Amino acid sequence: MMGNNMSGWFKIDLWKRVIGALFLGLALGLGLRYGMGADAGGAFAETWISWVGDLFLRLIRMLIVPLVFLTLVSGIVAMGDPKRLGSLGARTIGLYLCTTAIAVTLGLIMATIFQPGASLTPDTFVGADTSKMADVVESAASAGGLVDRLLAIVPTNPIAALASGDILPIIFFAIMFGVGILMAGEIAAPVGKWFDGAAEAMMKVTMIVMETAPIGVFALMATVMATKGLGVLQSLGTLAIALYLACFIHMILTYGGIIKVLLRLPIMPFFRGVTDAQAVAYSTASSSATLPVTITCVEENLGVDKAIAGSVLPLGATINMDGTAIYIGMVALFGAQAMGIEVSLAQYVLIAVMATLVSIGAAGIPSAGLFLSGLALAQVGIPEEQAFLIIGFILPFDRLLDMMRTMTNVTGDAAVATAVAKWEGDFDEAVFLAEDRF
Ligand code: ASP
């Protein structure tokens, strides 16, 4: 690790520095907002602090395309046998769907217990800003109908896919190319080696960038808190509590359960190993931007082989969003409660199905889940115009909710990657257990 012999700063485990930075940023941001006043505090953070967070975001986003492409090709080559892709894919998608189904159920149960919309009335939403809603909804989904979206997984021009950073087409082409290298045998062996070296180098670049994570996370948190504050607690307090609780329960019981019961591993090393990714997810509210950090954590701290990390995680960042699924179900019931609509059992099932689909289709970017929740609101009979009003009403307060669901989304990807690695025999238990320390 870089800097091990340097000053005391680098001797502290990265995850501890990142967590410390997260809380310091939170405190500074709130201090600015409630000390200087919302406008002045927000403006101060926008001028003096936000660029540091933006710089960090640029640094990690810089890693996404090369890291995913190189790791995946070299991972497929390391796998040695294309036939293994079938079981890998089936296990990954199967587990992603199972965890999402549990998440949706939990979200609906919590929203039924907490009744987050019960204290509101339909006229609450009148006047909410819906001006840009239709455009944003379009971009929050990976645009187009279902068939178009499936077709778009196959890139017509892989270089263009790389250039525009379309993760699913990149995954598709990387797998095909890796398989090609394997099938070509000896003549392509140097190409495989080249990808190995390039992927290894890219991991090092990622680790350098990760050393800046404490500063980046600090700045992102300070900016978010200074500009957005805790208004969500006043306007949507019950929804916020229900979401945070559901996400915590899901992380501890479902992901903890996967680690402890299915894999028979201790839980603490898992959560400690993913802390960096969780903190970055929480402060950026984007699973896609967090992806390089998730890949590093899972490989370096959890002992997951790079073939698994390189394939399971990029897929997860786009299709596996348990926190989002929890949220979509909750928003649907929130809307129904506020509008005074009785929800039948059949509608519960429809909401669950829709929440699952939306969580798969939503892009890993801030507020994507909320913009698409209109689809679930439709299941309880709320017309589009009214749905836009409800979404517009929640939107200004969504950030703090988004942060929690993104953290859950990313933790879920890591848990599934660990499980698939263990089942596939591509798991280094010694690395995982080495996290079992303070
Ligand atoms: N921001 C979330 C993510 O990137 C998606 C959402 O809005 O729920 O994972």
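Note that the structure is a prediction, hence the values are computed from the model and not measured. Counting starts at 1 for both ligands and their atoms, in listed order.
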Pull out every atom of ligand 1 sitting under 4.0 Å from any heavy atom of [X], numbered as shown with elements.
{"X": "Ser286", "value": "4 (O)"}
{"X": "Ala285", "value": "1 (N), 4 (O)"}
{"X": "Ser367", "value": "7 (O)"}

Exercise. Assess the side chains of Asp413 and Thr294: does a donor N or O sit below 3.5 Å from an acceptor N or O?
Key: no

Practice problem: Would you kindly say whether Ser87 and Glu424 are connected by a side-chain donor-acceptor distance under 3.5 Å? | Solution: yes

Exercise. Check Asp398, Asp402, Asp322 against Tyr327 for a side chain to side chain donor-acceptor pair (under 3.5 Å) and give me the one that passes.
Key: Asp398

May I ask you to identify the nearest protein heavy atom to [atom], giving residue, atom name and distance to one decimal place in Å?
{"atom": "atom 9 (O) of ligand 1", "answer": "Ser287 OG, 2.3 Å"}
{"atom": "atom 2 (C) of ligand 1", "answer": "Thr406 OG1, 3.3 Å"}
{"atom": "atom 1 (N) of ligand 1", "answer": "Asp402 OD1, 2.7 Å"}

Exercise. For atom 5 (C) of ligand 1, state which one of Leu291, Asn320, Thr324 supplies the nearest heavy atom.
Key: Thr324

[X] versus ligand 1: do any nitrogen or oxygen atoms come within less than 3.5 Å of each other?
{"X": "Ile365", "value": "yes"}
{"X": "Gly369", "value": "yes"}
{"X": "Met321", "value": "no"}
{"X": "Ser288", "value": "no"}

Quiz item: Can you tell me if Ala362 has a non-hydrogen atom under 4.0 Å from ligand 1?
Solution: no

[X] side chain vs [Y] backbone, donor-acceptor pair below 3.5 Å:
{"X": "Thr290", "Y": "Val293", "result": "no"}
{"X": "Asp13", "Y": "Trp15", "result": "no"}
{"X": "Asn409", "Y": "Thr324", "result": "yes"}

Quiz item: Would you say Pro169 and Val154 make side-chain contact, with heavy atoms under 4.5 Å?
Solution: no

Quiz item: Parallel, tilted or perpendicular for Phe334 and Phe393, by the 30°/60° rule?
Solution: parallel

